[in-house]
Amino acid sequence: MEQILNPLQTSLGRLKMNSPVTVASGTFALENLDFIVQEHLGAYVCKTITRYPKKGNPPPRLYETEAGLLNSIGLQNPGLDKFIAEDLPILRKTLTVPLIVSFSGASLNEFEQMLECLENQEGISGYELNVSCPNVENEGITFGIDPDVVYKLCALLSPLTNRELIVKLTPNVTDIGVITKAAEDGGATAISLINTIWGMAIDYRNGMSMLKKGIGGYSGIGIKPLALALTYRAAQAVKIPVIAMGEFITGRMLWNSFGLEHL
Amino acid sequence: MEQILNPLQTSLGRLKMNSPVTVASGTFALENLDFIVQEHLGAYVCKTITRYPKKGNPPPRLYETEAGLLNSIGLQNPGLDKFIAEDLPILRKTLTVPLIVSFSGASLNEFEQMLECLENQEGISGYELNVSCPNVENEGITFGIDPDVVYKLCALLSPLTNRELIVKLTPNVTDIGVITKAAEDGGATAISLINTIWGMAIDYRNGMSMLKKGIGGYSGIGIKPLALALTYRAAQAVKIPVIAMGEFITGRMLWNSFGLEHL
Amino acid sequence: MDKPRHQFLERTIYSREELCGDYFILWIWDEALGEKCQPGQFFEIRAHYSIADAEETRSLPKLFKPISIYDNAEGRIGFFIKKVGTGTNALYKLKAGDLLELIGPLGNGFPFVTGRRILLVSGGIGYPPLWYLQKELIKHNLLYWVHGGSGQNDVFPCDEIWTEDGSFGKKGMVTEGIRKLIAEKKIDLIYSCGPIPMLKECAGITNKLNIEHYCSLEAYMACGIGVCYGCAIPVGYENDWNYLRVCKEGPVFNAGEVLWNKF
Amino acid sequence: MDKPRHQFLERTIYSREELCGDYFILWIWDEALGEKCQPGQFFEIRAHYSIADAEETRSLPKLFKPISIYDNAEGRIGFFIKKVGTGTNALYKLKAGDLLELIGPLGNGFPFVTGRRILLVSGGIGYPPLWYLQKELIKHNLLYWVHGGSGQNDVFPCDEIWTEDGSFGKKGMVTEGIRKLIAEKKIDLIYSCGPIPMLKECAGITNKLNIEHYCSLEAYMACGIGVCYGCAIPVGYENDWNYLRVCKEGPVFNAGEVLWNKF
Ligand SMILES: Cc1cc2nc3c(=O)[nH]c(=O)nc-3n(C[C@H](O)[C@H](O)[C@H](O)COP(=O)(O)OP(=O)(O)OC[C@H]3O[C@@H](n4cnc5c(N)ncnc54)[C@H](O)[C@@H]3O)c2cc1C
Ligand SMILES: Cc1cc2nc3c(=O)[nH]c(=O)nc-3n(C[C@H](O)[C@H](O)[C@H](O)COP(=O)(O)OP(=O)(O)OC[C@H]3O[C@@H](n4cnc5c(N)ncnc54)[C@H](O)[C@@H]3O)c2cc1C
Ligand SMILES: Cc1cc2nc3c(=O)[nH]c(=O)nc-3n(C[C@H](O)[C@H](O)[C@H](O)COP(=O)(O)O)c2cc1C
Ligand SMILES: Cc1cc2nc3c(=O)[nH]c(=O)nc-3n(C[C@H](O)[C@H](O)[C@H](O)COP(=O)(O)O)c2cc1C
Ligand code: FES
Ligand code: FES
């Protein structure tokens with residue numbers, strides 16, 4: 001059998017970390033810190049922000065299936081300006097571990113603008129480019145599925161920062177290796193995956209979708225085998241670190257399912 | 001919420017069926033008929049056969065995860081000639097419901113040869129073209145991910161037969177709609193999906209894959225939300241019937257999860 | 001930050017009451033916790049599973065379920081629950097002596113008032129939070145409580161009962177009698193809790209009559225602590241609104257500000 | 001076709017024995033069924049779940065587990081089981097009076113012989129099928145049974161015991177003494193059952209000495225009835241071999257024909 005275990009990594013590209021455990025964007029916020037010892041985290045990844053505020057999708061936005069969770073939040077967030085004015089100062093004050101800001105732009109240009117704004121802010125250790133949210137049309141997803149676009153995006157942003165530049169990829173693609181490689185070639189310092197996969201649930205009583213939006217993003221234990229397979233593929237395709245997610249919702253993220261259990 | 005329930009279909013393209021329930025290729029054989037009333041099936045789909053015998057992959061080939069099954073059988077089968085000489089007569093004698101022969105070729109040419117051989121045989125109601133097995137390299141999978149190839153394959157085969165021509169697609173693609181449409185344009189009379197998705201499990205004690213082959217195909221309850229989402233997408237892209245699978249292993253296949261529960 | 005910290009608690013169920021229909025009450029006892037609770041607040045609760053159990057049965061971790069505080073007297077906190085699905089079924093099976101997992105108290109709760117003429121309107125499982133509320137309000141206000149259920153198994157102590165099938169009290173929807181009650185009893189404030197259509201109907205009436213009206217909403221929740229934005233509902237004015245979180249900005253909202261036609 | 005039909009059965013456990021270590025025995029009683037069984041055959045068994053339970057606990061349907069027939073006397077059929085994981089844990093929790101789901105008897109079983117000088121070699125959970133076998137063989141042959149386990153909790157009645165830690169009987173691997181026993185007892189036939197490395201070691205010896213040797217193999221199974229090809233192992237000769245199914249062509253194979261270095 002193939003040996004795929006890597007020695008536990010405790011530094012990520014340019015970043016030194018206490019621990020290989022981080023949190024998944026959108027599933028963890030300061031509120032969660034009431035429940036755990038912050039210092040056990042390697043880094044804190046905030047919920048994805050966009051250039052302008054986003055209302056998000058209509059309810060219902062959630063449904064729990066037999067083996068996971070469907071969601072269609074739609075990147076509801078206050079937008080970049082309010083994030084910088086209101087959230088960032090609190091994060092700076094509260095966090096004792098590195099802050100990674102997850103963000104998503106509607107165009108290459110918007111990604112660039114956002115990065116430039118964030119570069120002017122103190123207290124940020126890195127970025128996670130969300131090119132993979134399944135719940136937002138024409139934003140994110142078009143980026144994550146095309147290796148050329150992923151390459152261009154990374155090549156555009158990587159010269160602009162010395163901070164960590166993580167690209168979060170979608171599993172909803174034919175060949176994860178190609179896209180991972182494109183991110184590396186473009187200058188990303190790490191890859192994180194996976195975001196949620198397409199998922200749907202039907203109310204058998206009336207044939208309607210359980211989510212207002214129809215199809216949503218599926219996370220949880222049911223996607224763990226896929227996450228492991230794609231992480232393995234991605235890790236084979238590149239030399240930069242690959243951050244795996246796909247365990248269970250809300251603060252149960254493992255940095256690397258391949259290694260963590262050996263702690 | 002979107003209404004996605006369709007009235008229950010009991011005919012499939014050119015084929016009339018007792019029931020909308022069929023079986024998933026490779027998970028059901030004559031042995032299973034001991035357990036159910038054959039006439040409750042709409043059709044019987046045999047395990048995928050290839051032009052020449054295939055030994056399959058080395059063991060272990062199976063592992064049960066929290067929410068499904070990983071397999072890497074590798075299309076072990078006796079090959080077309082032996083299938084026609086030995087299995088087909090038994091199937092003909094035993095089955096009282098339509099037989100759909102699942103097959104897979106290593107090239108367009110091989111698909112064509114196989115179809116021509118099978119056309120000469122009595123007692124076959126239709127074909128399921130397996131262009132989607134994740135466990136066989138350079139065979140199947142290269143077909144299922146490229147809409148052009150899927151189109152060419154269907155356009156090549158559809159003029160050669162009056163029997164049902166079902167194409168079984170892989171979920172491991174970026175856009176299922178495009179591929180479904182390609183199959184329809186090429187002349188497929190129905191689409192079936194989904195085949196297994198990529199999956200992997202790691203033995204945490206030694207970091208090794210639970211399957212000898214590393215990555216395998218993942219099926220079962222954990223992929224049901226994905227199967228529903230892709231079936232919905234596929235059904236929106238085409239007018240020909242879409243056959244959904246993705247419930248649980250071994251004889252628990254529903255023809256159409258959208259409709260069956262209303263029976 | 002001096003916001004209240006969230007608490008993850010495990011408490012023994014000291015008593016379990018079985019009511020008619022699918023209703024039951026679980027009681028825990030914790031005076032310090034009781035002092036923090038307000039009417040209209042809720043807990044996220046879940047049946048306790050040991051990790052050993054989870055592995056053996058492969059029953060998966062499940063979402064916590066939002067359940068209102070039904071009663072709170074000298075530290076005896078009651079949860080009045082209807083068995084409707086997976087999560088509430090698991091709670092139903094708990095016995096006195098078993099462990100309950102809780103997070104809370106959560107949410108904003110009902111505003112406290114004095115010297116008002118109040119109508120309480122509950123429907124179905126909207127009953128429990130109003131029980132706790134009326135206990136607090138009764139000494140300082142004039143109260144009249146009207147409750148609606150589908151049949152005689154869904155009725156509980158209050159001033160006036162409606163059932164859809166007419167099997168108990170008046171026949172019809174509870175909202176049918178409200179206009180008359182408001183006039184008769186010179187009501188100047190309404191508190192309501194129940195299914196969305198009932199609240200919407202009720203809000204239509206109070207909006208027209210310009211009567212103050214606070215309603216407690218139901219939403220499918222994942223985190224329950226404001227992190228995931230899964231429970232959001234539309235609040236504000238036609239041209240200036242946002243999705244607010246039922247678990248954080250709610251569950252009690254000013255009925256005049258909820259955008260009932262955006263659900 | 002007059003092949004034996006497979007049976008899906010539900011039988012009450014009339015007795016449950018708890019042994020040392022993690023071993024236990026479940027007994028069912030069915031004379032007609034007992035008459036069909038042969039030593040070396042097995043059943044696919046599973047703890048019974050009602051659909052109601054499955055829905056309430058969201059514990060998922062699980063694979064049946066292959067378990068040998070340990071004893072079969074006047075319809076009393078015993079399953080001698082070691083608790084090692086999910087499926088066997090669920091079986092462990094069953095009590096007398098509970099329902100067991102079974103399919104079987106399955107597999108080929110050991111060939112029956114008379115007038116031979118036989119060595120039985122078992123390792124760990126390879127013990128149970130040899131118990132049933134020796135009961136049938138003992139009147140017609142000369143028998144000597146040697147069993148190996150890791151420690152004193154893994155030993156059971158037989159002629160000679162080896163433990164890896166030396167806590168009972170001789171210290172070492174059971175295979176260490178075989179060569180000497182064959183010579184001393186003038187053995188001309190071996191039956192073996194246990195882990196693959198033990199069988200391989202044992203087959204190496206018998207191949208060299210050219211002694212007839214039947215071994216019963218373990219494999220991870222899904223269907224257990226020959227449908228899925230998940231349990232296949234390599235059998236034949238270097239240049240002419242195939243993957244045969246442990247559940248159908250096995251579990252007993254001629255040790256000289258198993259390709260031990262292809263695992
Ligand atoms: C603030 C708040 C307070 C509540 N207080 C109480 C209480 O005191 N007592 C009580 O019995 N219940 C209360 N509820 C409702 C309770 O949370 C749900 O009934 C419960 O979550 C259902 O979970 P389940 O796993 O049993 O059902 P599921 O298996 O998840 O679903 C069963 C069915 O119920 C529907 N459903 C599930 N949850 C909701 C929901 N939140 N809103 C609308 N439909 C839903 C599903 O769509 C499905 O059709 C409250 C809800 C909220 C938001
Ligand atoms: C023909 C046959 C007869 C058998 N007879 C008996 C018997 O009489 N008594 C008995 O206790 N056991 C017997 N076994 C073994 C038994 O089937 C396995 O121990 C059982 O399937 C483990 O299931 P689980 O869900 O408890 O373990 P899992 O949770 O599936 O796995 C636990 C661990 O055991 C390993 N494992 C699981 N199944 C197998 C397997 N089949 N081969 C090798 N490793 C495995 C896994 O890789 C994992 O490391 C037999 C097996 C076969 C094929
Ligand atoms: C409710 C919810 C909200 C999410 N929001 C975001 C987000 O804002 N940005 C993002 O990159 N990923 C988001 N995700 C995806 C998670 O970060 C994670 O990639 C995904 O859930 C897979 O991991 P899991 O199976 O362990 O949950 C969200 C997931 C959930 C369930
Ligand atoms: C053990 C096993 C063998 C399979 N063999 C085949 C096969 O030969 N041909 C094929 O088209 N699909 C094969 N499949 C895929 C199934 O037909 C089906 O598409 C897949 O399992 C998804 O459905 P499910 O989740 O309901 O099992 C196999 C699946 C399993 C689990
Ligand atoms: S349930 Fe997560 S924000 Fe309300
Ligand atoms: S377990 Fe399916 S063929 Fe043996």
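Chain A is the first sequence line, chain B the second, and so forth, proteins listed ahead of strands; every chain is numbered from 1.
- Atom OG1 of T65(A) sits about 8.0 Å away from atom CD1 of I221(B), to the nearest 0.5 Å.
- With rounding to the nearest 0.5 Å, the separation of OH in Y218(A) from CG in L226(B) is 9.0 Å.
- T174(B) and V173(A) make their closest contact through OG1-CA, 3.3 Å (heavy atoms, listed as atom of the first residue, atom of the second, distance).
- For A201(A) against L228(B), the heavy-atom pair with the smallest separation is CA-CD1, 4.1 Å.
- Atom CD1 of I145(A) is separated from atom CG of D175(B) by 7.0 Å, given to the nearest 0.5 angstrom.
- For the atom pair CH2 (W198(B)) and CD1 (I176(A)), the distance works out to 12.5 Å, reported to the nearest 0.5 Å.
- Atom NZ in K224(B) sits 12.5 Å away from atom CE in M200(A) (nearest 0.5 Å).
- Considering every non-hydrogen atom in both A67(A) and A67(B), the closest pair reads CB-CB, 3.5 Å.
- Smallest separation of non-hydrogen atoms from L70(A) and P225(B): CD2-CB, 4.1 Å.
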